[in-house]
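Below: the structure, in structure tokens.
Atom set for the values below is all heavy atoms of this structure, side chains included, hydrogens, waters and symmetry mates excluded. Convention: sequence-line order gives letters A, B, ...; per-chain numbering from 1. Bear in mind the structure is a predicted one, so any value in this text is a computation, not a measurement.
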Amino acid sequence: DTGVSQNPRHKITKRGQNVTFRCDPISEHNRLYWYRQTLGQGPEFLTYFQNEAQLEKSRLLSDRFSAERPKGSFSTLEIQRTEQGDSAMYLCASSSGTGIYNEQFFGPGTRLTVL
Amino acid sequence: KNQVEQSPQSLIILEGKNCTLQCNYTVSPFSNLRWYKQDTGRGPVSLTIMTFSENTKSNGRYTATLDADTKQSSLHITASQLSDSASYICVVSGRMDSSYKLIFGSGTRLLVRP
């Protein structure tokens, strides 16, 4: 499968615990995006990378959230001291950054449940 | 404020029937508009992408229209199938700050019944 992959697909954790999600983009896509989606809503932008540089972060990304893309390939999103309000689907997308559309291809998401 | 609004919120139709989903946006400046299909528990999959100069674009049984003057788009599904049951999300790309961002609508949840 050459699409965007995310792991784990589901994560259940207790409030206060730390969690880390991984995203593997489509090979050679230099742009990688993280989104959060709550039930019944569209995805909301969290942050994006061009290669290994984190170029933009949303105000939604509190200090408890950190994202990395150390070698410009896969990315991790860590949430520290999780809260119940963090329960959501976390989506990753990648794009080549070229073309008039700069189409983003989404992964299947990681569904986080904080108890 | 840059917003994308979709209607209806949810829709139930019988298999084989047609339906039309609506999207209004206030994003400016506007780059392009996309319709995505999102199955439950999955990531969104692109159906169509249109720039401001394109009025209509088709992808199989899906036809999207765009009126950049009124800032409205529609997605028409012909001869619906059970597998069309999903959320359909309208997404507008607009320039904010120093880069283009995708602004997502809340989606229309379509249920196709046999």
Among Glu44(A), Met89(A), Gln37(A), Arg111(A), single out the residue with the greatest number of heavy-atom pairs under 4.5 Å to chain B. Gln37(A)
Taking the basic N atoms (NZ, or NE/NH1/NH2) and the acidic carboxylate oxygens, is any pair closer than 4.0 Å for Arg64(A) and Glu78(A)? no
Residue from Val91(B), Val4(B), Ile49(B) scoring the most non-hydrogen pairs under 4.5 Å with chain A is Ile49(B)
Aromatic contact, Phe30(B) with Phe52(B) (centres under 6.0 Å): no
Select one option (side chain, backbone, both, neither) describing which atoms of Tyr35(A) are under 4.5 Å from chain B's heavy atoms. side chain
Which bit of Gln104(A) is near chain B, if near means a heavy-atom gap under 4.5 Å: side chain, backbone, both or neither? both
Which region of Gln6(B), side chain (C-beta onward) or backbone (N, CA, C, O), has a non-hydrogen atom less than 4.5 Å from a non-hydrogen atom of chain A, or is it both or neither? neither
Give the minimum heavy-atom separation between Thr38(A) and Ala88(A), together with the two atoms involved. CG2-CB, 4.0 Å
Is any side-chain N of the basic residue among Asp84(B) and Arg61(B) closer than 4.0 Å to the acidic one's carboxylate O? yes
For the residue pair Arg22(A) and Phe74(A), would you count it as a cation-pi contact if the rule is NZ or CZ under 6.0 angstrom from the ring centre and within 45 degrees of the ring axis? yes
If you count the non-hydrogen atoms of other residues, nucleotides and ligands that lie under 6.0 Å from NZ in Lys71(B), is the total more than 12? yes
So what's closer than 4.5 Å to chain A heavy atoms on Ile89(B): side chain, backbone, both or neither? side chain
Go through Gly42(A), Gly40(A), Pro43(A) and name the one with the most non-hydrogen pairs under 4.5 angstrom from chain B. Pro43(A)
